[in-house]
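Every chain is numbered from 1, with letters handed out A, B, ... down the list of sequences.
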Number of protein chains: 2
Amino acid sequence: MDKFIAHILVVDDDDGIRSLVKRYLNDNNFLVTTADSAENASEKIKIVKFDLIVLDIMMPGKNGLEFIQDHKKKMDTPVILLTAKGEASERVQGLEIGADDYLPKPFDPKELVLRIKNILDKTIKIKQKRIIEFESVKIDLNKLLIIKSGKEFKINNTEKIILEKMINTPGKTFSREHIGQLIELDKERSIDVIITRLRKKIEIDPKNPKFLQTIRGAGYVLWIE
Amino acid sequence: MDKFIAHILVVDDDDGIRSLVKRYLNDNNFLVTTADSAENASEKIKIVKFDLIVLDIMMPGKNGLEFIQDHKKKMDTPVILLTAKGEASERVQGLEIGADDYLPKPFDPKELVLRIKNILDKTIKIKQKRIIEFESVKIDLNKLLIIKSGKEFKINNTEKIILEKMINTPGKTFSREHIGQLIELDKERSIDVIITRLRKKIEIDPKNPKFLQTIRGAGYVLWIE
DNA sequence: CTATAATTTAAAAAAATTTCACACATGGTA
DNA sequence: TACCATGTGTGAAATTTTTTTAAATTATAG
């Protein structure tokens with residue numbers, strides 16, 4: 001599951017929470033922008049399209065619910081509300097208005113991350129390439145199938161793992177060590193054998209690899225188109 | 001889909017909450033059954049297949065989290081946890097274990113209804129998938145029948161349980177262990193046999209499975225499109 | 001051109017899966 | 001109840017797939 005980085009806007013007037021959340025989300029591989037008020041947030045969403053907004057309800061000036069009301073119609077960005085404890089009625093309002101989730105304070109940042117991932121999974125179907133075609137070769141990671149000039153070859157699990165990675169970063173050299181870690185194998189010669197087998201399946205002329213090439217001293221690359 | 005009435009199990013040791021929730025859900029057109037303990041709930045889910053479970057975490061005897069752990073593997077019923085306020089870590093645990101949502105106490109029954117509807121919307125559709133067709137194969141879990149190129153094969157209970165799960169998450173790999181838990185069998189070779197028999201029924205060429213594939217070292221996947 | 005290092009390949013070994021044949025249970029029927 | 005027919009689970013053998021090893025080949029630097 002390679003490298004889609006979600007951009008998240010964190011809106012809270014409390015500096016402490018803002019920086020805590022920011023740091024935590026950063027560590028979890030999100031790209032984070034913050035705003036200290038609803039007004040400020042409104043500016044930012046005009047400029048950047050975020051993948052998700054984490055929004056405190058209680059803020060001086062416009063509060064979180066008002067922010068949602070202002071923007072929900074035009075915006076399809078999912079929102080997670082942060083509510084002070086016991087604000088049951090506000091939670092209800094928030095959900096009715098169109099928040100996608102809420103998190104009662106105090107919360108465990110871990111939970112925030114869980115919730116965010118949960119929602120992102122639903123909304124952005126992390127679009128990974130799973131079916132690619134080049135020349136007369138088609139690789140279908142769903143059906144675990146390679147079709148080369150009409151002939152079918154099955155992809156096994158090991159091969160799937162390697163192809164998944166390589167397909168999503170074509171042109172990147174993968175060291176044997178790296179590949180070994182992916183498939184939990186540490187004998188380097190064994191990696192070679194796996195590559196050879198893969199070549200038989202994806203290369204038109206396996207002895208002269210065009211797509212899955214060796215980088216001597218460094219590893220292997222997949223070159224598509 | 002006209003008038004599907006969801007059957008909900010409410011599990012809480014507190015009489016007050018139980019009856020409050022029951023009444024409120026009843027008023028909102030749900031069919032409600034209650035249980036005053038995890039043990040009691042375990043009995044009931046053996047007998048009735050609920051559409052959703054509302055589960056208090058804090059209970060004497062087994063608590064809610066334990067209940068989920070006991071049943072999650074075999075059960076695909078969604079669970080909403082009721083947590084006392086501030087139980088941040090338990091919420092996290094609950095979500096990690098596989099609860100679908102939680103509601104911090106004190107809560108507004110209105111919110112509970114919102115959350116329930118929300119989850120049911122997501123799950124009901126999926127649960128409905130009981131008849132599927134791909135290529136020249138039709139699987140009908142209602143009639144317990146597979147029709148492959150005109151020929152009929154009966155589905156037995158074991159197979160039904162497995163297919164039910166696999167059909168609803170095509171592309172997901174099911175380990176033998178997982179399948180074993182579903183059908184209460186712990187000999188791994190026996191699982192293989194069951195798969196072989198299933199293949200005879202659903203595969204056009206059982207020796208070269210296209211739909212029900214082996215993921216060596218990991219288990220089996222169903223790929224339908 | 002040669003020596004050396006790195007990669008490829010083929011074949012053996014190991015591991016995992018499939019299949020077979022039988023045993024046991026279940027339910028129907030005489 | 002005894003008998004069969006059918007379906008399901010099990011262990012073991014057969015098969016298939018994957019990993020390892022080692023030999024052969026190819027590339028590179030001097």
B/Ile215 atom CD1 is separated from D/dT18 atom P, nearest whole Å, by 10 Å
C/dA6 phosphate, OP1 or OP2: any side-chain N/O from A/Arg176 under 4.0 angstrom?
no
Using whole Å, report how far CD of A/Glu188 lies from C1' of D/dT19.
15 Å
Going by modelled atom types, is there a donor-acceptor pair between the base of D/dG7 and the side chain of B/Arg197 at under 3.5 Å?
no
Within less than 4.0 Å of OP1 or OP2 of C/dA16, is there a side-chain N or O belonging to B/Tyr220?
no
Mind checking the OG1-CG spacing from A/Thr158 to A/Leu198? Nearest 0.5 Å is all I need.
9.5 Å
Length of the line joining B/Glu159:CD and D/dT8:C1', which is rounded to integer Å
10 Å
Between B/Arg199 (side chain only) and B/Leu212 (backbone N and O only), is there a donor and an acceptor less than 3.5 Å apart?
yes
Would you say B/Thr214 reaches C/dT17's phosphate, i.e. side-chain N/O to OP1/OP2 under 4.0 Å?
no
Tell me whether B/Asp140 contacts the main-chain N or O of B/Ile131 through its side chain, where contact means a donor paired with an acceptor under 3.5 Å.
no
Got a donor-acceptor contact below 3.5 angstrom from the B/Asn40 side chain to the B/Ala35 backbone?
no
Do the side-chain N or O atoms of B/Arg199 get closer than 4.0 angstrom to the phosphate oxygens (OP1, OP2) of C/dT19?
no
Does the Lys NZ or Arg CZ of A/Lys172 fall within the cation-pi geometry relative to A/Phe174 - under 6.0 Å from the ring centre and within 45° of the axis?
yes
Considering every strand and a 4.0 Å limit on heavy-atom distances, what is the contact class for B/Ile194: base, sugar-phosphate, or nothing?
sugar-phosphate
Quick one: which of D/dA27, C/dT8, D/dT10 gets closest to the side chain of B/Ser190?
D/dT10
Nearest-Å distance for atom pair CG/C1', residues B/Leu198 and C/dT17
16 Å
Output the rounded distance in Å from NZ (B/Lys201) to P (D/dT8).
7 Å
Rounded to the nearest Å, what distance is computed from the CD1 atom of residue B/Ile195 to the P atom of nucleotide C/dA16?
18 Å
Between CG of B/Asn156 and P of D/dT8 the distance, given in whole Å, is 4 Å
Without decimals, in angstroms, what is the distance between A/Asn208 CG and D/dT26 P?
11 Å
Given C/dA15, C/dT7, C/dC20, the nucleotide with the shortest approach to the side chain of B/Arg216:
C/dA15
B/Lys187, nearest nucleotide to its side chain (from C/dT19, D/dT10, D/dT19):
D/dT10
It should be established whether B/Thr158 places a side-chain nitrogen or oxygen under 4.0 Å from OP1 or OP2 of nucleotide D/dT8.
no
On DNA chain D, nearest-nucleotide positions of A/Lys154 versus A/Leu185: which is more 5'?
A/Lys154
